[in-house]
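First up is the structure itself, then whatever we jot down about it.
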Amino acid sequence: MKTQVRPSNGTKTEGNSSNSRKREPEELVPSRYALQIGEIEVLVISDGVLPLPTAMLGHNAEPAVRAAWMSDHFLPPDAFDWALNVVMARSGGQTILIDAGLGLDPDLHLPRAGQSIKRLEAAGIDLSSVTDLVLTHMHMDHIGGLLVAGVKERLRPDLRIHVAASEVKFWESPDFSHTSMPPGFPDALRATAKRFINEYRDHVQTFEDESEIAPGIIARRTGGHTPGHCVVRLASGGEALTFAGDAVFAVGFDQPDWYNGFEHDPEEAARVRTRLLTEISASGELLVATHLPFPSLGRVAVDGDAFRWVPIFWDY
Ligand SMILES: [Zn+2]
């Protein structure tokens, strides 16, 4: 599939002029949120939003029940904007980026996502300072930022990219038979994962079930969404935060058993979700997930047979 480089984001050097680094107008929406987990500095960054069909939120749910959930949340019935977040963390002298956003628009009309790299740099984080990248999985909205023109050249030659071995293996011959995606998506996901491996093979460090990326930062494979999907827990000084990747979507608290269209093993994904939400509701630790509304930081409460999302009050 043909891919297109996004329009200039104002961060790359452009030929002839001295004003190539000139400041763009400030954004009118908040797109980064900083917090401290013990000794670990954390920054949640919005990559933007992806408009996707609502049926993908629960393709095993009765359409009328799904429509009622959307209506109860004052959301439109057909398509709504999924948030897309990445996390940057600093611990023990390492700078760790967890996921890289969408990056390119692979001809799927997703022009409002792909902002992570620009926003990282706007936050004063030089790409060359990133020592480690953790990929929760290899879907294009998590790896695409690495494929934007000029990004690889600005990353360190010794950058380590941590990903589960089973994830890399899966994308050699991915199975889409249990997914439910709009046309074009499977091909774009296959092509992007392939391109990522071709370009970054030498940086990839695989792990089986768990890997300590930096002091207090542990990636743990959950499977489900994809076979090598992992979550990343950051813990220090008695505090902890889990970046859940795509184990949880906005609807997943009320309806943990709804199958998301991007899940390659939806039954296992539902079990992973329930297990994770049960753990996090018991511990009271913070949760961040890729597709929860920015800044996507909150806690989880038990609500009867299901769960309830409790967003944090922003701190300044
Ligand atoms: Zn995703």
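Along the sequence shown, the residues carry numbers beginning at 1.
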Next item on the list: May I have the step-by-step check of side chain to side chain contact (heavy atoms under 4.5 Å, CB included) for Asp246 and His229, ending in yes or no?
Entry: CA-CA 8 Å; Asp246 283 13; His229 179 277; 4.0 Å; yes
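- A continuous path of Ile, Leu, Val, Met, Phe, Trp and Tyr side chains, each step under 4.5 Å between heavy atoms, connects Tyr316 with Leu286, placing both in one hydrophobic cluster.
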Next item on the list: Could you give me the CA-CA distance, side-chain angles and deciding distance for Phe243 and Val86, then say whether side chain to side chain contact (heavy atoms under 4.5 Å, CB included) is met?
Entry: CA-CA 9 Å; Phe243 181 73; Val86 307; 5.7 Å; no
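- Contact detail for Pro186 and Pro182: the closest heavy-atom pair is CD-O, 3.7 Å.
- Cluster membership for Leu84 and Trp82, using ILVMFWY side-chain heavy atoms within less than 4.5 angstrom, is shared.
- Within the 4.5 Å cutoff, the side chain of Gln115 has no heavy atoms near those of the Ser31 side chain.
- Salt-bridge annotation for Lys169 and Glu208: absent, with no side-chain N of the basic residue lying under 4.0 Å from a carboxylate O of the acidic one.
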Next item on the list: May I have the step-by-step check of side-chain hydrogen bond (donor to acceptor under 3.5 Å, both in side chains) for Asp141 and His291, ending in yes or no?
Entry: CA-CA 10 Å; Asp141 50 325; His291 301 293; 3.0 Å; yes
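- Taking the side chain as every heavy atom from C-beta outward, Thr274 and Thr278 approach each other to under 4.5 Å.
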Next item on the list: Kindly determine whether Arg233 and Glu279 satisfy salt bridge (Lys or Arg N to Asp or Glu O under 4.0 Å), including the steps that lead there.
Entry: CA-CA 12 Å; Arg233 184 167 179 268; Glu279 273 171 34; over 6 Å; no
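- Comment: Arg195 engages Glu199 in a salt bridge, judged by a side-chain N to carboxylate O separation of less than 4.0 angstrom.
- Residues Cys230 and Arg220 have side chains not in contact (no heavy-atom distance under 4.5 Å, counting atoms from C-beta outward).
- Hydrophobic clustering keeps Val44 apart from Leu287 (ILVMFWY residues linked when any side-chain heavy atoms are closer than 4.5 Å, directly or through intermediates).
- Two rings, from Phe185 and Phe262, have their centers less than 6.0 Å apart.
- A distance-only check finds a donor-acceptor pair linking the side chain of Glu239 to the backbone of Gly38 [under 3.5 Å].
- Here the shortest heavy-atom pairing between Ala113 and Leu102 reads CB-CD2, 3.7 Å.
- For the side-chain hydrogen bond (donor to acceptor under 3.5 Å, both in side chains) test with His142, the passing option among Thr192, Asp47, Thr226, Asp99 is Asp99; the others fail.
- Residue Leu127 holds its CG atom at 14.0 Å from NZ of Lys152, rounded to the nearest 0.5 Å.
- Residues Leu159 and Val130 form a side-chain contact, since some pair of their non-hydrogen atoms from C-beta on lies under 4.5 Å apart.
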Next item on the list: Could you walk me through whether Arg273 and Glu263 pass the salt bridge (Lys or Arg N to Asp or Glu O under 4.0 Å) test, one step at a time?
Entry: CA-CA 12 Å; Arg273 181 160 39 252; Glu263 288 165 351; 2.8 Å; yes
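- Checking side-chain atoms of Arg66 against main-chain N and O of Met56 turns up no donor-acceptor pair under 3.5 Å.
- Using a 4.5 Å heavy-atom cutoff, the side chains of Leu57 and Trp69 are in contact.
- Under the 3.5 Å distance criterion, with hydrogens and angles disregarded, no donor-acceptor pair is assigned to the side chains of Ser46 and Arg32.
- Taking both residues in full, the closest heavy atoms of Pro215 and Ser91 are given as O-OG, 2.6 Å, listed atom of the first, atom of the second, then distance.
- To the nearest 0.5 angstrom, Ile217 atom CD1 is 11.0 Å from Ser211 atom OG.
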Next item on the list: Might you work through the side chain to side chain contact (heavy atoms under 4.5 Å, CB included) test for Trp309 and Val248, ending with a clear yes or no?
Entry: CA-CA 11 Å; Trp309 174 237; Val248 183; over 6 Å; no
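- To the nearest 0.5 Å, the span separating CE on Met88 from OG on Ser129 amounts to 7.5 Å.
- The backbone N or O of Phe176 sits less than 3.5 Å from a side-chain atom of Thr179, completing a donor-acceptor pair.
- The minimum heavy-atom distance linking Gly103 with Val148 is given by the pair CA-CG2, 3.5 Å.
- Under a hydrophobic clustering in which Ile, Leu, Val, Met, Phe, Trp and Tyr are joined whenever their side-chain heavy atoms come within less than 4.5 Å, directly or via other members, Leu189 and Tyr259 fall into different clusters.
- Counting only heavy atoms from C-beta outward, the side chains of Glu268 and His225 never approach each other to under 4.5 Å.
- Other residues, nucleotides and ligands place more than 12 heavy atoms under 6.0 Å from the CG atom of Asp72.
- Atom CG of Leu135 and atom CD of Glu167 lie 8.5 Å apart (nearest 0.5 Å).
- More than 12 heavy atoms of other residues, nucleotides or ligands lie within 6.0 Å of CD in Glu153, so this atom counts as buried by the packing criterion.
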Check: Checking side chain to side chain contact (heavy atoms under 4.5 Å, CB included) for the pair Ser128/Arg154: CA distance, chi angles, key distance, verdict?
Finding: CA-CA 6 Å; Ser128 66; Arg154 283 182 284 146; 6.0 Å; no
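- Separation of the His137 and Trp171 ring centroids does not fall under the 6.0 Å cut-off.
- Between the CG atom of Asp158 and the OG1 atom of Thr131 there is a distance of 8.5 Å, given to the nearest 0.5 Å.
- Side-chain contact check for Leu133 versus Leu146: some heavy-atom pair is nearer than 4.5 Å.
- For the residue pair Val272 and Gly223, the shortest heavy atom distance occurs at CG2-O, 3.8 Å.
- Residue Val87 forms a side chain to side chain contact (heavy atoms under 4.5 Å, CB included) with just one option from Leu241, Leu97, Ile98, Ile96, and that option is Ile98.
- At distances below 3.5 Å, not a single donor-acceptor pair connects side-chain atoms of Thr136 with backbone N or O atoms of Val231.
- Remark: side-chain polar atoms of Arg299 are paired, donor with acceptor, to backbone N or O of Gly284 under 3.5 angstrom.
- Between Tyr33 and Val288 there is no side-chain heavy-atom pair separated by less than 4.5 Å.
- Two rings, from Phe170 and His264, have their centers less than 6.0 Å apart.
- Here the closest heavy-atom approach between residue Leu276 and residue Ala247 is recorded as CD2-CB, 4.0 Å.
- Aromatic rings of Phe249 and Trp258 (six-membered ring for Trp) have centroids beyond the 6.0 Å cut-off, not under it.
- The number of heavy atoms from other shown groups lying within 6.0 Å of CZ (Arg190) is above 12.
- When hydrophobic clusters are built by joining Ile, Leu, Val, Met, Phe, Trp and Tyr residues whose side-chain heavy atoms come closer than 4.5 Å, directly or via intermediates, Val42 is grouped together with Trp314.
- Rounded to the nearest 0.5 angstrom, Leu277 CG and Phe253 CZ are separated by 5.5 Å.
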